[in-house]
**Student:** 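To start, I am sharing the structure in question, which I have written as structure tokens.
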Amino acid sequence: MSLLEIDNLHVHFLSRDRLGEPRRARALNGVTFSLDRGEIIGLVGETGAGKSLTAQSVMGMLRPPAHRIAGTITFDGRDLATLPDAEMNAMRGSRIGMVVQSPMTSLDPTARIGAQLVRIQQAHGKIPRQQAEERAIAMLREVGIPDAPRRFAAWPHELSGGMAQRVLIAMALINDPVLLIADEPTTGLDVTVQAQILELLKREMTARGLATLLITHDLGIVAQYCDRVAAMFAGTIVEEGSVADVFAAPRHPYTARLIASAPDRVDLSSRAQFAGAPPDLTALPEGCVYRDRCPRAQSACAIPPPKADFGNGHAAFCHFPEPA
């Protein structure tokens with residue numbers, strides 16, 4: 001059994017329009033994938049595809065008007081979607097760690113760095129304060145923060161963006177989780193610092209044997225750091241497989257266009273145009289959700305596409321899964 005198994009997950013946003021009529025946005029629609037220990041999977045797709053919502057579902061962070069309508073999220077044999085709040089709180093931050101984007105808004109501005117690192121340890125176990133402080137300083141050193149004792153006593157506003165992101169990584173890892181979720185962990189950082197943070201994450205993930213879900217818009221990051229990739233569109237996984245297989249021969253037209261539209265880091269003019277906009281989640285088309293933008297669309301696409309399996313875990317949900 002995989003460490004994390006998400007099966008047929010549906011999450012809708014339930015609200016009412018201006019006339020009081022029920023309104024339903026189908027944000028996740030049958031998301032299914034698994035993650036093994038020591039494996040890194042990249043979750044890619046346009047803004048609004050459902051990547052971060054998938055992560056929030058795993059973390060038990062859904063709040064109204066978001067509702068899980070169906071599906072299971074099995075972590076180490078337990079369905080997280082049915083855990084009581086107290087048990088989910090114990091799981092979150094201990095066995096499951098999360099690194100989020102925008103580090104300067106994610107740290108508590110009213111508490112020193114050391115106090116926040118101590119707090120997260122004591123929230124998940126009876127640990128003497130001195131031991132928690134020593135562990136925090138050691139963790140700051142591990143993530144590459146110089147003069148760790150001084151930074152332990154610093155306020156968040158005294159840190160650079162890259163250093164604050166290292167603190168968030170320290171927070172995510174300090175209780176030795178087995179699953180790490182990294183949601184756009186380098187957004188807002190300059191290119192040099194991005195590379196440093198990604199190398200740090202890769203080193204920690206490898207050394208600890210972490211199962212890692214990496215959410216990103218940057219396909220270059222996926223190509224360099226991930227084992228597998230899953231492409232999302234309109235709350236649905238449309239293709240998944242090893243990075244080597246999917247990047248060499250994408251079978252779903254959406255994945256092919258994502259890869260073609262990724263800018264070359266030297267020649268930005270090499271990027272292909274990606275026309276169209278994400279669909280209205282309150283009025284998704286019947287059948288294939290991508291058919292209104294798809295160059296291969298035919299009448300058969302009015303019904304849901306089958307799963308086309310190409311071996312080695314490479315699969316696409318498409319009626320016409322031809323290599324790009």
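Bear in mind the structure is a predicted one, so any value in this text is a computation, not a measurement. Along the sequence shown, residues are numbered consecutively beginning with 1.
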**Student:** Hey, mind stepping through Ile113 and Arg151 against side-chain contact (heavy atoms from CB on, under 4.5 Å) and telling me if it holds?
**Tutor:** CA-CA 7 Å; Ile113 298 302; Arg151 299 303 180 185; 5.9 Å; no

**Student:** Taking side chain as C-beta onward, heavy atoms only, is Ser2 less than 4.5 Å from Leu35?
**Tutor:**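 Result no, sub-4.5 Å side-chain heavy-atom pair not found.
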
**Student:** Do Cys318 and Arg251 have side chains that get closer than 4.5 Å, going by heavy atoms?
**Tutor:**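 No. Closest side-chain heavy atoms not under 4.5 Å.
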
**Student:** Transitively linked via ILVMFWY side-chain contacts under 4.5 Å: Phe310 with Phe33?
**Tutor:**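 No, it is not one cluster - the side chains of Phe310 and Phe33 are not joined through contacts under 4.5 Å.
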
**Student:** Closer than 3.5 angstrom, by distance alone: can the side chain of Gln116 be matched with the main-chain N or O of Asp108 as a donor-acceptor pair?
**Tutor:** yes

**Student:** Does a salt bridge link Glu39 with Arg228, judged by any charged N lying under 4.0 Å from a carboxylate O?
**Tutor:**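 Salt bridge flag = yes for Arg228 with Glu39.
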
**Student:** Quick one: are Asp292 and Cys294 in side-chain contact, heavy atoms under 4.5 Å?
**Tutor:**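 SC-SC contact between Asp292 and Cys294 ruled out.
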
**Student:** Run the numbers on Met139 and Leu117 for side-chain contact (heavy atoms from CB on, under 4.5 Å), then give the verdict.
**Tutor:** CA-CA 9 Å; Met139 196 71 228; Leu117 286 164; 5.5 Å; no

**Student:** Kindly state each residue pair satisfying side-chain hydrogen bond (donor to acceptor under 3.5 Å, both in side chains) with at least one member in residues 81-97, sequence neighbours excluded.
**Tutor:** Asp76-Arg95, Arg78-Glu87, Asn89-Arg92

**Student:** Between CD1 of Ile73 and CG of Leu83, what distance do you get to the nearest 0.5 Å?
**Tutor:** 10.0 Å

**Student:** Measure the shortest side-chain to side-chain distance between Leu9 and Thr72 over non-hydrogen atoms and say whether it is less than 4.5 angstrom.
**Tutor:** no

**Student:** In terms of hydrophobic clustering (I, L, V, M, F, W, Y; side-chain heavy atoms under 4.5 Å; direct or indirect links), are Ile127 and Val118 co-clustered?
**Tutor:**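 Each belongs to a different hydrophobic cluster.
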
**Student:** Are the side chain of Arg135 and the backbone N or O of Ile174 linked by a donor-acceptor pair below 3.5 Å?
**Tutor:**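 Between the backbone of Ile174 and the side chain of Arg135 there is a qualifying donor-acceptor contact (under 3.5 Å).
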
**Student:** Backbone N or O of Gln224 within a donor-acceptor pair of the Lys202 side chain at under 3.5 Å?
**Tutor:**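 Pair absent, no side-chain N/O of Lys202 close to backbone of Gln224.
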
**Student:** With rounding to the nearest 0.5 angstrom, report the OH to OG1 distance, Tyr225 to Thr206.
**Tutor:** 11.0 Å

**Student:** Is there a side-chain contact between Leu3 and Leu179 in this structure, where contact means two heavy atoms from C-beta onward sitting under 4.5 Å apart?
**Tutor:** yes

**Student:** Okay, side chain of Asp309, backbone of Ala315: is any donor-acceptor separation there less than 3.5 Å?
**Tutor:** no

**Student:** Using modelled atom types only, decide if a donor and an acceptor are shared between the side chain of His10 and the backbone of Ala70 within a distance under 3.5 Å.
**Tutor:** no

**Student:** Taking all non-hydrogen atoms of both residues, which atom of Lys51 and which atom of Gly45 are closest, and how far apart?
**Tutor:** NZ-O, 3.0 Å

**Student:** Applying side-chain hydrogen bond (donor to acceptor under 3.5 Å, both in side chains), name anything that partners Asp183, two or more places apart in sequence or on another chain.
**Tutor:** Ser52

**Student:** Do the side chains of Ile169 and Leu173 get nearer than 4.5 Å, heavy atoms only?
**Tutor:** yes

**Student:** Can you name the closest pair of heavy atoms from Asn8 and Gly30 and give their distance?
**Tutor:**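 In terms of heavy atoms, the two residues are closest at OD1-CA, 3.5 Å.
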
**Student:** Output yes when Arg203 and Glu199 qualify as a salt bridge under the 4.0 Å nitrogen-oxygen rule, no when they do not.
**Tutor:**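 No, this pair does not count.
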
**Student:** Look at the side-chain heavy atoms of Ile, Leu, Val, Met, Phe, Trp and Tyr, link any pair under 4.5 Å apart, and say whether Leu140 and Leu200 land in one connected group.
**Tutor:**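 Yes, because Leu140 and Leu200 connect within a single hydrophobic cluster, where side-chain heavy atoms sit under 4.5 Å apart.
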
**Student:** Between Glu239 and His314, do the side chains contain a donor N or O and an acceptor N or O under 3.5 Å apart?
**Tutor:**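 The criterion, which ignores hydrogens and geometry beyond distance, is satisfied for Glu239 and His314.
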
**Student:** Is it the case that the side chain of Tyr254 and the backbone of Met232 share a donor-acceptor pair, with hydrogens and angles ignored and the cut-off at 3.5 Å?
**Tutor:**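 Side chain of Tyr254 to backbone of Met232, a donor-acceptor pair under 3.5 Å: yes, one is there.
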
**Student:** I need the Arg166 CZ to Gln196 CD distance, nearest 0.5 Å.
**Tutor:**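 With rounding to 0.5 Å, CZ (Arg166) is 5.5 Å from CD (Gln196).
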
**Student:** How far does OG of Ser34 sit from CG of Asp7, to the nearest 0.5 angstrom?
**Tutor:** 10.0 Å

**Student:** Restricting to non-hydrogen atoms, name the atom on Pro295 and the atom on Pro253 that form the minimum distance, rounded to 0.1 Å.
**Tutor:** CD-CB, 4.4 Å

**Student:** Kindly state whether the ring of His252 and the ring of Phe233 have centres lying under 6.0 angstrom apart.
**Tutor:**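 His252 vs Phe233: aromatic centres not under 6.0 Å.
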
**Student:** Between Asp227 and Ile41 (side chain of the first, backbone of the second, donor and acceptor by atom type, cut-off under 3.5 Å), is there such a pair?
**Tutor:** no

**Student:** By salt bridge (Lys or Arg N to Asp or Glu O under 4.0 Å), which residues pair with Arg208, not counting sequence neighbours?
**Tutor:**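 Per chain and number, Arg208 pairs via salt bridge (Lys or Arg N to Asp or Glu O under 4.0 Å) with Glu142, Asp176, Glu204.
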
**Student:** If you measure from CD1 on Ile40 to CG on Leu214, what distance do you get to the nearest 0.5 Å?
**Tutor:** 7.5 Å

**Student:** Counting C-beta onward and ignoring hydrogens, is there a side-chain heavy-atom pair between Cys301 and Tyr290 closer than 4.5 Å?
**Tutor:** no

**Student:** May I have the list of side-chain donor-acceptor pairs in residues 152-160 shorter than 3.5 Å, sequence neighbours left out?
**Tutor:**
{"from": "Glu158", "atom 1": "OE1", "to": "Trp155", "atom 2": "N", "distance (Å)": "2.7"}
{"from": "Ser160", "atom 1": "OG", "to": "Met163", "atom 2": "N", "distance (Å)": "3.2"}

**Student:** Has the side chain of Arg291 got a donor or acceptor atom that lies under 3.5 Å from a matching backbone atom of Glu286?
**Tutor:**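 Yes.
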
**Student:** For the CE atom of Met98 and the CG atom of Leu213, what is their distance to the nearest 0.5 Å?
**Tutor:**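 If I round to the nearest 0.5 Å, the distance is 8.5 Å.
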
**Student:** With no hydrogens and no angle check, do the side chains of Thr282 and Asp280 hold a donor and an acceptor under 3.5 Å apart?
**Tutor:** yes

**Student:** Taking all non-hydrogen atoms of both residues into account, name the closest pair between His124 and Ala90 and its distance.
**Tutor:**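 Smallest heavy-atom distance, with atoms named: ND1-O, 3.3 Å.
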
**Student:** Quick one: does Ser242's side chain have a donor or acceptor within less than 3.5 Å of a partner on Asp245's backbone?
**Tutor:** yes

**Student:** Do any pairs count as a side-chain hydrogen bond (donor to acceptor under 3.5 Å, both in side chains) and have a residue in residues 13-32, sequence neighbours left out, and if so which ones?
**Tutor:** His12-Arg24

**Student:** Which atoms form the tightest heavy-atom contact between Leu168 and Val99, and what is the distance?
**Tutor:** O-CG2, 4.4 Å

**Student:** Hey, mind stepping through Leu281 and Phe13 against side-chain contact (heavy atoms from CB on, under 4.5 Å) and telling me if it holds?
**Tutor:** CA-CA 9 Å; Leu281 296 177; Phe13 284 82; over 6 Å; no

**Student:** Applying the 4.5 Å side-chain criterion to the ILVMFWY set and letting contacts propagate, would Phe317 and Val289 be lumped into a single cluster?
**Tutor:**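 They do not share one cluster, since no chain of ILVMFWY contacts under 4.5 Å joins Phe317 to Val289.
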
**Student:** Using the rule given for side-chain contact (heavy atoms from CB on, under 4.5 Å), can you reason through Thr186 versus Thr216, listing the C-alpha separation, both sets of side-chain angles and the distance that settles it, and then say yes or no?
**Tutor:** CA-CA 9 Å; Thr186 59; Thr216 181; 5.9 Å; no

**Student:** Show me the donor-acceptor pairs within less than 3.5 Å that the side chains of residues 53-69 make with the rest of the protein, sequence neighbours left out.
**Tutor:**
{"from": "Thr54", "atom 1": "OG1", "to": "Gly50", "atom 2": "O", "distance (Å)": "2.8"}
{"from": "Ser57", "atom 1": "OG", "to": "Leu53", "atom 2": "O", "distance (Å)": "2.8"}
{"from": "Arg68", "atom 1": "NH1", "to": "Gly71", "atom 2": "O", "distance (Å)": "2.7"}

**Student:** Between Thr236 (side chain) and Val238 (backbone), is there a donor-acceptor pair under 3.5 Å?
**Tutor:**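 Flag not set: sc Thr236 to bb Val238 has no pair under 3.5 Å.
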
**Student:** So do the side chains of Leu201 and Leu180 get within less than 4.5 Å of each other, counting heavy atoms only?
**Tutor:**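 Yes, side chains in contact.
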
**Student:** How close do Val222 and Gly42 get, counting heavy atoms only, and between which atoms?
**Tutor:** CG2-CA, 4.4 Å

